Number of protein chains: 4
Amino acid sequence: MSPETRIPQQQRSIETRDSILAAAREMFSAKGFHGTNSKEIASQAGVSIGSFYSYFKNKKVLFMEVFKAYKQEQIIRILREQNRQRIETLGGATIVRAIIESLLAAHDLSPEFDREAMVMCYADPEVKEYHTEIERQINAQLVGTLRQVEDRLRVTDLEAAAAVVANAVEMTVHSIKIFDAPLHRDRIIDALAEMIRRFLFKDSEAMTG
Amino acid sequence: MSPETRIPQQQRSIETRDSILAAAREMFSAKGFHGTNSKEIASQAGVSIGSFYSYFKNKKVLFMEVFKAYKQEQIIRILREQNRQRIETLGGATIVRAIIESLLAAHDLSPEFDREAMVMCYADPEVKEYHTEIERQINAQLVGTLRQVEDRLRVTDLEAAAAVVANAVEMTVHSIKIFDAPLHRDRIIDALAEMIRRFLFKDSEAMTG
Amino acid sequence: MSPETRIPQQQRSIETRDSILAAAREMFSAKGFHGTNSKEIASQAGVSIGSFYSYFKNKKVLFMEVFKAYKQEQIIRILREQNRQRIETLGGATIVRAIIESLLAAHDLSPEFDREAMVMCYADPEVKEYHTEIERQINAQLVGTLRQVEDRLRVTDLEAAAAVVANAVEMTVHSIKIFDAPLHRDRIIDALAEMIRRFLFKDSEAMTG
Amino acid sequence: MSPETRIPQQQRSIETRDSILAAAREMFSAKGFHGTNSKEIASQAGVSIGSFYSYFKNKKVLFMEVFKAYKQEQIIRILREQNRQRIETLGGATIVRAIIESLLAAHDLSPEFDREAMVMCYADPEVKEYHTEIERQINAQLVGTLRQVEDRLRVTDLEAAAAVVANAVEMTVHSIKIFDAPLHRDRIIDALAEMIRRFLFKDSEAMTG
DNA sequence: AATGAATGAGAATTCATTCAT
DNA sequence: AATGAATGAATTCTCATTCAT
């Protein structure tokens, strides 16, 4: 309880750790996991390589932390977007738009880190596993959202529907943001929205442009 | 001006080159681009490291060749599948199934190489570019297929529709084959098929289970 | 932006760097630039190959440092020798001897490194350039020396004279020290001295044996 | 004696060999011994690498052959130049100019190969030895030339004089042709000529500009 | 806690040379 | 004699990680 306690140092410690995480996210986004080395990260964070390794066992562990934090931010965004409005008050088209927007928003967080996240998802089992878990959560959330308007839906297998919809949106987002699709963004998003709306909702709602 | 790398002029030479390509595909599938080194590939191919470098400037160039060959095989499969039957004689549900099957078949070629191909698509601009070009071709093919039954379709913007459908299928395939989706494969495929059918076809056809 | 190679900040670091420089000079002298590899230099310096490359971008850069340091030592020797005595008090023959001796002394520093230095001067543009710059300095110094006794000289174009004299001495030194000239060293040095003396000085001084 | 004899093939053989020698000289001049590899030489000569090695045991042996041939050409040039005129009929200044010109001419043969020849002279004992032997011959020739006007000379130790003169000329030639001396070529050559003339010839002849 | 010097395994790549055809 | 495919030792250089201070 004396002022000699190391609490201020712990504060500084947290800051150091955060600065490494921030530097890592920046570097991984810009140059990828394999294109970035630990010294670069440390110096970008304004920290010695020795400190780097006292905070993180190795580069991979650091990536996992950055990745998890990023995914948590994404989840939070999605939840916030989807819960922003009372969706049962909205029309089918609007709901679909809201779903798409919520997933788009998640990817706007940092398109470049998103790209590298996909690299690692496909490349590394541990990353893949965490990614899968997150997808499960997003799916559950989407199922929850849909359940709120279940009586207006055509589809009955909400879980499968949510999975398929999420996949369609995710890949479309990538094709726009990462693979610069040759078509105009609006044409694709319109098509995507229409596909999802007609799939999910009963004809009465699906009819509307 | 002799080229940097050897141009096969003898039968033996062609065999060596091919064995390197085959070994590379195998190793890249199993251990990824970064997890495989040139010596391993050479010895897997039963060839000296010197030969490796006399046929391929470096590992990246080798990857590009393997990748391009793989993508060409995929394209061929897709075309063959989609042109197997006279599609204008088929019902909407069957057409959709055929489209899904054709894209699934492409990924059955080698799911593991497919995975690594995605890694590199997201990681490397040159790979991304080639991938984008192939997607364009697949899209064009799909648009062609749809045009054959245009009068039965609801959608009018065929290109955007084709893009969205291809995206939905591709990501769903990945979620099944690579990310071991928690749901049973059939539930997902059924949902996917229904989504696409209702999106593309007029109600008369879409009605059918 | 951290520099490519380590800038010594600790005492230990400076010692390591110096030990690499010393080992390099030794190895280059003994086996030449192309006959020595970085591993040998590192182990001769009692240092890991990793340290080698953290101090020097590559072998060539290391050579340049060794070379520049060597040339600086040479310059210092020459200046010291030529300024050792008040030359205006000396006779022409003695002055010439002093000049020859000063250049000989420079080459006594390390005849073997001298040899390799010549190899690289002829082989590499960057080395050549630095060598040329040093020659310019030596020439300027020699012109300065001559100017002190200008009224006793025959030659009027001091710069050209200095250049020619320096060339004559340098090649003669090499023919003695590197190419083991078939004649006895003294006969050659005597001839050289006489040539220079008669060239530079008015007859009154040149007469003297 | 029948037309089936391999004589034409021997002719072709000689041509192949010569084309390799020519290609080697070209490549060594342009990129140096270490900067050129055997495949390059072979392909420049329009010959397979297999043939290359059936004509020359290795790259070093090839260099020696090219080097020796070059030096022989140089010697021939020097002899021709020095014997072009009846030198006993010439004035001292003209004789000196003729000597300088003869040595300059030798270096004009191929300044770039000359440069690489120096590299190898300093770097390789075998090359050095051959070079020394050639210098001896040039020296003997120069002594012979001087002896023809011995009664007009000041110097008595002709061998030492010849050595020193040859050295002075050689280094000066290099400083002009290889190390781009900062002074104008004529000023240096004039100084060189004057130095040699005053050294070699009695005052009566040396007086003349 | 922090620093940065040191490590060395390992990856990529080259090239002189051999040898089967 | 000619060819060019094949070899693999040798070299350069990188980078994740450790450890003495």
Side-chain angles (χ1 to χ4, degrees), chain A residues 6 9-10 12-13 16 34-43 47-62, chain B residues 2 4 6-17 34-43 46-60, chain C residues 2 4 6-17 34 36-43 46-60, chain D residues 6 9-10 12-13 16 34 36-43 47-62:
Chain A
R6 288 285 188 91
Q9 292 202 2
Q10 284 186 14
R12 192 163 59 121
S13 188
T16 303
H34 289 289
T36 308
N37 64 46
S38 34
K39 244 179 193 148
E40 278 177 296
I41 297 169
S43 87
V47 148
S48 71
I49 187 64
S51 286
F52 177 99
Y53 276 92
S54 71
Y55 284 105
F56 299 96
K57 193 178 170 326
N58 57 44
K59 201 170 70 156
K60 174 67 192 306
V61 162
L62 170 60
Chain B
S2 60
E4 280 303 278
R6 192 182 296 164
I7 291 172
Q9 308 188 351
Q10 300 178 359
Q11 185 53 33
R12 183 164 58 134
S13 186
I14 290 165
E15 282 163 15
T16 300
R17 196 168 192 286
H34 288 290
T36 309
N37 64 44
S38 38
K39 240 174 190 155
E40 280 178 296
I41 296 170
S43 81
V47 145
S48 73
I49 188 64
S51 284
F52 179 99
Y53 279 97
S54 71
Y55 286 104
F56 301 97
K57 194 178 165 350
N58 56 46
K59 205 171 65 159
K60 173 70 190 305
Chain C
S2 60
E4 280 302 278
R6 190 183 297 164
I7 290 170
Q9 307 187 355
Q10 299 179 0
Q11 185 53 33
R12 183 164 58 133
S13 187
I14 290 165
E15 282 163 14
T16 301
R17 197 168 192 285
H34 288 289
T36 309
N37 64 43
S38 39
K39 240 176 191 155
E40 280 178 297
I41 296 170
S43 82
V47 146
S48 73
I49 188 66
S51 285
F52 179 98
Y53 279 97
S54 72
Y55 286 105
F56 301 97
K57 195 179 166 349
N58 55 46
K59 205 171 65 159
K60 172 67 192 304
Chain D
R6 288 287 189 89
Q9 292 202 1
Q10 285 186 12
R12 193 164 56 122
S13 189
T16 303
H34 289 290
T36 308
N37 64 46
S38 34
K39 244 179 193 149
E40 279 178 294
I41 297 170
S43 88
V47 148
S48 73
I49 187 65
S51 286
F52 178 98
Y53 276 93
S54 70
Y55 284 107
F56 299 96
K57 192 177 170 331
N58 57 45
K59 201 170 71 156
K60 174 67 192 304
V61 161
L62 169 60

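Quick note: numbers below take in every heavy atom, side chains included, and nothing from hydrogens, waters or symmetry partners. None of these values were measured; they are calculated from a predicted model. Letters A, B, ... mirror the listed sequences (proteins, then strands); counts begin at 1.
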Interatomic distance where [atom1] belongs to [X] and [atom2] belongs to [N] [whole Å]:
X	N	atom1	atom2	result
Ile41(B)	dT13(E)	CD1	P	11 Å
Phe56(D)	dT18(E)	CZ	C1'	18 Å
Glu40(D)	dT17(E)	CD	P	15 Å
Asn58(B)	dT12(F)	CG	P	20 Å
His34(C)	dA10(F)	NE2	P	19 Å

Is there a side-chain polar atom (N or O) of [X] under 4.0 Å from OP1 or OP2 of [N]?
X	N	value
Tyr55(D)	dA2(F)	yes
Ser51(C)	dT7(E)	yes
Ser38(A)	dA16(F)	yes
Tyr53(C)	dT14(F)	no
Lys59(B)	dA12(E)	yes

Open item on the list: Pick the closest DNA chain F nucleotide for Val47(B) and for Asn37(C) by heavy atoms, then say which residue is nearer the 5' end.
Closed with: Val47(B)
TODO: Report the residue (Ile49(C) or Lys39(D)) whose heavy-atom-nearest nucleotide on DNA chain F is the more 5′ of the two.
DONE: Lys39(D)
Task: Earlier contact from the 5' end, DNA chain E, for Arg12(C) and Thr36(B) - done: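 It is Arg12(C), whose closest nucleotide lies nearer the 5' terminus.
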Open item on the list: Within the structure provided, determine whether Tyr53(D) and Ser38(D) are in side-chain contact (heavy-atom separation under 4.5 Å).
Closed with: yes
TODO: Would you indicate what Thr16(C) reaches in the nucleic acid, counting non-hydrogen atoms under 4.0 angstrom: base, sugar-phosphate, or nothing?
DONE: sugar-phosphate
- [ ] Describe the nucleic acid contact of Phe52(D) in one word from base, sugar-phosphate, nothing, applying a heavy-atom distance below 4.0 Å.
- [x] nothing
Open item on the list: Show the nearest heavy-atom pair for residues Asn58(A) and Val61(A), with the distance to one decimal.
Closed with: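 Of all heavy-atom pairs spanning Asn58(A) and Val61(A), the closest is OD1-N, 2.9 Å.
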Open item on the list: Please find the pair of heavy atoms, one from Lys59(D) and one from His34(D), that lie closest to each other, and give the distance.
Closed with: NZ-CA, 4.3 Å
- [ ] Hunt down any stem DNA chain F takes part in, defined as 3 or more consecutive Watson-Crick or G-U pairs whose two distances are each under 3.5 Å.
- [x]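 As far as DNA chain F goes, consecutive pairing (with distances under 3.5 Å) yields the stems E:2-21 with F:2-21.
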At what distance, to the nearest 0.5 angstrom, does [atom1] of [X] lie from [atom2] of [Y]?
X	Y	atom1	atom2	value
Phe52(C)	Thr16(C)	CZ	OG1	13.5 Å
Phe56(A)	Ser51(A)	CZ	OG	11.0 Å
Lys39(B)	Asn37(B)	NZ	CG	8.0 Å

- [ ] For Lys57(C), look at atom NZ and say whether over 12 heavy atoms of other residues, nucleotides or ligands are found less than 6.0 Å away.
- [x]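 Counting neighbours around NZ of Lys57(C), 12 or fewer heavy atoms of other residues, nucleotides or ligands fall under 6.0 Å, so no.
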